Amino acid sequence: MFFASFKTNSEIFSEINLFPREFNFNAYRDGWKGVANNTFTRFFSNSFLLVIPTALLTVISSTLVAYGFARFEFKGKRIMFLVLLSTLMLPNSILLIPRYSIFLTLNTLDSFSPFYLMAVFACYPFFTYMLVQFIRGIPRELDESARMDGCGSFRTLISILLPLLKPALFSAGLLQFLWTYNDYFNPLIYVNSVKKFPVSLALRLTMDAETVIIWKNIMAMSCLAVLPVVILFFLCQRYFIEGIATTGLKG
Amino acid sequence: MKARSLTRMNNAAYLYLLPWLVGTVVLQLYPFVISFYYALCDYNPLRKPGFSGIGNYIELFTKDAEFWISLKVTLLYVIYTVPFKLLMSLFIAMLLNKAKKGIGILRTAYYLPSLFGGSVAVSILWRVMFMDQGMVNSWINLFGFPTVSFLGNPKTALPTLSLLEVWQFGSSMVMFLAALKQVPSALYEAARIDGAGRVKSFFSITLPYISPILFFCIIIQTINALQNFTSAFVITRGGPLKSTYMLGLKLYNDGFVFWRMGYASATSWLIFLLVALFTLGLFSSQKYWVFYSDQS
């Protein structure tokens with residue numbers, strides 16, 4: 001893909017060589033211009049505007065909920081945990097249309113609010129479950145001793161558990177970052193106007209918008225689109241693999 | 001004293017669970033229930049739902065040829081992808097389990113596709129690679145074979161999409177790798193002393209040990225495959241001749257292109273039924289082949 005971004009259409013199609021004849025960055029310059037007067041500067045900032053708050057809110061809400069499940073005894077805990085586990089298995093497609101009409105009634109369509117709201121209200125059971133598993137791995141004696149010393153439950157969470165949970169929180173945040181960033185289907189449904197498109201939708205649109213597709217421009221933008229994923233992965237691969245291996249879900 | 005601290009804990013717990021309680025009721029359970037009702041209605045978001053009984057289902061089953069096609073395509077997609085993906089991830093995981101040096105790099109190399117494999121960028125790349133004049137065909141021509149119209153031929157389009165899915169085997173591989181590491185190596189030595197070959201010890205030691213993970217992966221991968229959307233939408237748009245027109249795509253078209261949301265809800269309930277039947281079936285088969293090491 002990276003090499004294709006330097007090739008002309010005919011080079012892409014007729015040559016077997018992986019390497020292009022010459023390296024120049026025209027495709028990146030031209031591709032960046034985007035579609036319908038919206039450059040990729042806008043699309044990338046949209047993506048980050050969508051993804052960063054969603055990831056942060058997801059981590060915060062899931063931590064609170066996971067703490068509630070992992071460290072407290074209360075009425076209805078068994079049944080609630082069962083509900084959490086079953087929502088984990090619930091296929092997304094069945095929730096799609098009702099969620100769409102809820103967000104329509106709330107007048108939050110064509111913005112990123114549906115994503116923020118779902119994050120605030122811990123609608124990503126995967127992360128809640130993942131953090132419950134992690135908190136269970138931390139010895140209870142630690143927070144009990146904090147309690148003896150007079151810490152309230154929230155203070156215990158903040159000062160005892162959070163430091164220990166850091167790697168887990170980090171992997172949850174990263175995974176949510178990447179999944180939301182790569183997500184195509186949900187933005188397609190909730191976001192309609194081109195100037196609010198994240199990168200995933202914009203890429204598809206550039207491909208459709210032109211009669212003669214200049215593949216190298218699209219390849220160039222595709223390269224840039226996966227770049228954040230690749231960089232993040234190499235910086236923090238330990239956290240990804242831990243997150244996947246401990247809960248073993250998704251993908 | 002004890003009782004009082006317990007009550008205080010109770011109340012606090014509900015406070016922590018509050019976001020989840022609201023979210024689950026409003027954005028999970030309510031949608032789940034109401035979509036069952038929508039499926040029985042002639043529903044369009046701009047109008048009030050008009051009750052139509054099982055009309056949607058009757059139309060799906062008897063009048064809509066598209067439904068049967070997409071059901072077939074979806075099931076084929078599951079059959080093409082899930083077994084191969086799992087075999088592939090188990091195979092690579094076993095290789096990596098043996099590797100001594102550079103396992104980090106290898107693991108990364110195999111895992112990376114799963115991270116961005118579902119993204120549009122890679123779907124576009126897939127389209128470019130498998131086009132009639134794409135790179136894959138240039139290679140085929142180089143070896144003297146005629147051009148294969150991977151995405152233009154109804155026979156090969158679905159397998160080509162399946163290949164993209166199988167390529168994203170990384171997350172199940174990571175899980176298999178974790179499971180393989182937990183198999184006690186003393187067992188293999190004992191088996192070797194007893195004269196069991198590699199194949200035998202694979203089937204009688206490795207497989208039982210990793211069966212809980214395998215079980216779990218089959219469920220998750222099947223649920224995912226039944227709902228696939230992005231690759232079919234970006235690469236082939238369901239074509240040629242509806243050969244890649246999966247249920248997810250049909251759901252999107254009915255609901256968000258033709259705005260027949262009641263009808264699309266009926267389709268989503270059929271997807272749900274497929275998932276539920278499959279999961280229940282697998283759970284009830286569990287006792288014959290899944291071994292949990294905390295039971296004897």
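In what follows, every chain begins at residue 1, and chains take the letters A, B, ... in the order their sequences are listed. Just so it is clear, the model here is predicted, and its values are computed rather than measured. Below, each value reflects all heavy atoms present in this structure, side chains not excepted, and no hydrogens, waters or symmetry copies.
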Mind listing the closest non-hydrogen atom pair of [X] and [Y] along with its distance?
X	Y	value
Met261(B)	Tyr100(A)	CE-CD2, 3.6 Å
Phe72(A)	Ala13(B)	CB-CB, 3.5 Å
Gln28(B)	Pro125(A)	NE2-CD, 3.9 Å
Ser200(A)	Val120(B)	O-CG2, 3.6 Å
Tyr14(B)	Met80(A)	CE2-CE, 3.9 Å
Val275(B)	Pro91(A)	CG2-CG, 4.2 Å

Tyr16(B) and Ser153(A) side chains, donor-acceptor separation under 3.5 Å: yes
Spacing of [X] atom [atom1] and [Y] atom [atom2] [to the nearest 0.5 Å]:
X	Y	atom1	atom2	result
Leu95(A)	Phe272(B)	CG	CZ	9.5 Å
Phe256(B)	Leu188(A)	CZ	CG	9.0 Å
Leu18(B)	Leu64(A)	CG	CG	10.0 Å

Proximity breakdown for [X] and chain B, heavy-atom pairs closer than 4.5 Å:
X	value
Phe154(A)	both
Ile94(A)	both
Leu203(A)	both

Can you tell me if CD1 on Ile79(A) sees more than 12 non-hydrogen neighbours from other groups inside 6.0 Å? no
Looking only at atom types and distance, does a side-chain atom of Gln227(B) sit under 3.5 Å from a main-chain N or O of Asn92(A), one as donor and one as acceptor? yes
